[in-house]
Amino acid sequence: MANDSAALRTVELYDTREGRQKPLEPRQSGHVGMYVCGVTVYDLTHIGHARVYVFFDVVERFLEHLGYDVTHVRNFTDVDDKIINRAEETGDDPLELSARFIEEFNEDMSALGVRHADHEPKVSECIDEIIEMNETLIERGYAYEVDGDVFYRVEEFDGYGKLSHRDLDEMEAGRSGRTEDEADDKKKHPFDFALWKSSEDDELGWESPWGWGRPGWHIECSVMSTKFLGECFDIHGGGSDLIFPHHENEIAQSEAANDCEPLANHWMHMGLVNVVSEEDDEVEKMSKSLDNFWTTRDVLDEFDNEAVRYFLLTAHYRKPITYSMDNLEEATQRVEYLYATLERIGERLTQLGHTEGDSLPDGELVGSVASTVTGFLPKFEAALADDFNTSEALAVLGDLAKAGNELATEVGSTNPNASPEDLAFSLVAIESHMRKAGSILGVLERPYAEALREIRNLKLQDRDITPEEIEELIAERKEARANEDYERADAIRDELVDHGIELMDKDWGTLWRAR
RNA sequence: GGCCGCGUAGCCAAGUGGAAAGGCAAGGGCCUGCAAAGCCUUGAUUCGUCGGUUCGAAUCCGACCGCGGCCUCCA
């Protein structure tokens with residue numbers, strides 16, 4: 001639902017093309033069209049993909065929170081040489097192979113809390129429109145056919161290079177390392193690129209005016225964005241490695257075929273995910289050739305889903321982020337802290353006589369936390385409205401959680417400085433604000449007991465002790481403590497610590513967690 | 001060679017012209033039978049180096065050093 005006061009907030013977004021941050025002014029008031037380049041589905045997703053789609057999920061959630069109606073389009077490139085090659089290796093049908101990896105993609109994204117886009121078109125379902133755009137480009141003189149291939153004539157498009165801030169002559173000078181391929185002979189300019197590629201009769205393909213063939217790599221995004229968002233739209237996103245040539249070519253195609261420019265008002269490009277090299281400790285780009293590659297699946301097997309999402313939001317989206325065990329563990333710890341805060345708030349509310357689902361208690365914010373609570377949402381929104389400063393947003397959320405813990409301590413003290421009504425009112429206010437912020441970032445969406453248990457059990461995976469054994473030891477220690485046999489009680493604690501298990505004594509029992 | 005970007009405490013990370021957010025780790029304290037968790041508290045006279053602009057710069061300009069990305073498929 002639109003929130004009138006929030007909708008007035010100006011959202012500023014960086015735009016790669018102009019190289020500056022500028023206000024989001026939707027072409028259609030109150031409606032934002034956003035196209036995010038999807039994956040080529042020939043393998044499992046990696047953590048770099050995860051970063052992109054988690055981020056744009058947050059963009060969508062936040063804009064909707066502000067009251068915008070967002071149309072989010074994310075494609076699947078299911079026709080591509082890499083898919084065809086992979087299918088040849090495995091003996092699969094290319095479209096069946098890509099369909100399988102679309103399912104894998106969806107599984108990963110669902111685990112990360114990434115919601116489906118409004119439209120998720122596939123290349124194989126847009127062949128007619130792709131052929132049409134090719135014909136338009138040929139008619140308008142921007143493309144030419146050579147022996148069943150269709151190429152885009154880059155010299156014909158005046159603005160070629162305006163996104164990546166380079167010009168054709170400079171690029172030509174620097175292309176010494178490029179490998180030649182047979183298609184180069186057919187091209188009129190080395191940077192001309194394929195809009196349509198001829199296929200062998202037994203290869204994946206479709207009938208076209210130029211014979212049996214398949215689309216080139218860039219054309220599908222121009223076609224799909226036009227189809228679902230119109231000729232021009234507000235936000236176009238993807239990894240920064242797509243700036244050239246993919247997005248540059250998209251602009252060339254769309255702006256030449258349609259009569260609208262700029263194609264997108266805001267080009268938002270994600271920093272890449274780096275890893276620390278095991279050999280020399282240097283940061284390097286994650287890539288298959290360096291064998292430092294992390295699939296989303298592997299990471300999710302080892303770390304809590306939400307911790308992975310949290311980690312991906314700890315750095316600003318335009319900066320690179322380094323994947324490391326330390327960083328993931330720290331993110332896990334923060335997620336645990338946030339849920340433990342919700343747990344503590346729940347305990348204190350129970351102690352104050354409130355049960356979950358009760359109507360809001362009447363009261364006033366306790367003085368010590370009042371400014372933190374009232375200032376929370378404005379600060380949180382301001383952080384995200386400033387080119388999605390998620391680091392700042394998480395810091396603000398952390399401050400709120402701290403206020404919650406402060407209050408929880410207050411409630412537990414012998415002489416609370418506030419009335420039970422005000423304390424309860426304040427606790428509920430903090431809890432609801434935390435959940436609200438969580439729903440925008442896509443975190444804190446689980447019941448705390450469930451989240452804490454899942455994190456705990458995941459960590460226990462590589463420990464040589466089971467929850468049952470831990471519970472037995474806790475029971476034995478309880479007995480010892482009742483008998484004031486602290487020596488035995490401490491011995492049990494030490495034994496558990498050796499297994500990486502920490503005990504936390506509460507008034508009502510003993511909790512444990514894995515470190 | 002061209003283009004884009006980065007270099008902030010032991011580590012992660014915001015800030016980009018007007019008193020250096022936040023987190024992790026570390027020290028001290030409260031709490032606890034002891035702990036853990038939580039809370040409080042300490043910590044960059046300083047933001048790669050050297051110059052310049054300015055009343056004032058981590059923030060702008062220049063040079064230099066170091067690092068990364070793109071220019072070939074890539075999120």
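Sequence lines set the chain letters: A, B, ... in the order given, protein chains first and strands last, and positions in each chain run from 1.
For the C1' atoms, the distance linking B:A13 with B:A58 amounts to 15 Å, nearest Å. B:A9 and B:G22: their P atoms are spaced 16 Å apart (whole Å). B:C12 and B:G2 are spaced 31 Å apart, taking the P atom of each and rounding to whole Å. Between the P atoms of B:U59 and B:U49, the separation comes to 10 Å (whole Å). Comparing the P positions of B:G18 and B:G56 gives an interatomic distance of 15 Å, to the nearest angstrom. Comparing B:G68 with B:G48, their C1' atoms sit 15 Å apart, to the nearest whole Å. The separation of B:A26 from B:C11, taken at their P atoms, amounts to 15 Å, rounded to a whole angstrom.
Between A:Tyr337 and B:C39 there is a side-chain N or O to OP1 or OP2 distance below 4.0 Å. For the pair A:Lys319 and B:G7, the criterion of a side-chain N or O lying under 4.0 Å from OP1 or OP2 is met. Residue A:Gln21 has no polar side-chain atom (N or O) positioned under 4.0 Å from OP1 or OP2 of B:U16.
Take the nearest nucleotide of RNA chain B for A:Arg166 and for A:Gly271: the residue whose nucleotide is more 5' is A:Arg166.
Across all strands, A:Val497 comes closer than 4.0 Å to no nucleic acid atom at all (heavy-atom distances). Among the protein residues, A:Lys506 comes within range of no part of the nucleic acid, since none of its heavy atoms lies under 4.0 Å from any strand. Counting any heavy atom pair closer than 4.0 Å across all strands shown, A:Gln333 reaches sugar-phosphate atoms only and no base atom.
Taking the centre and axis of the six-membered ring of A:Tyr310, the NZ or CZ atom of A:Arg334 falls outside the cone set by 45° and 6.0 Å.
Closest contact between the side chain of A:His46 and the listed nucleotides B:A75, B:G5, B:A14 involves B:A75. Here B:A13 is the nucleotide among B:A36, B:A13, B:A75 with the atom lying nearest to any side-chain atom of A:Ala315. Checking B:C24, B:A37, B:C39 against the side-chain heavy atoms of A:Arg334 singles out B:C24 as nearest.
Judged by Watson-Crick or G-U wobble contacts below 3.5 Å, the nucleotide B:C70 has B:G2 as its partner. Partner assigned to B:A13 is none, using Watson-Crick or G-U wobble distances below 3.5 angstrom.
Evaluation of atom-type donor-acceptor distances gives no pair under 3.5 Å for the side chain of A:Arg51 against the base of B:A75. One N or O donor and one acceptor, one from the side chain of A:Asp505 and one from the base of B:C34, sit under 3.5 Å apart. For A:Asn389 against B:G15, a side-chain-to-base donor-acceptor contact under 3.5 Å is absent.
Ring pair A:Tyr152/A:Phe193 is parallel by interplanar angle, where below 30° counts as parallel and above 60° as perpendicular.
None of A:Tyr14, A:Tyr317, A:Phe55 except one satisfies the ring pair (Phe, Tyr, Trp, His ring centres under 6.0 Å) rule with A:Phe388; the exception is A:Phe55.
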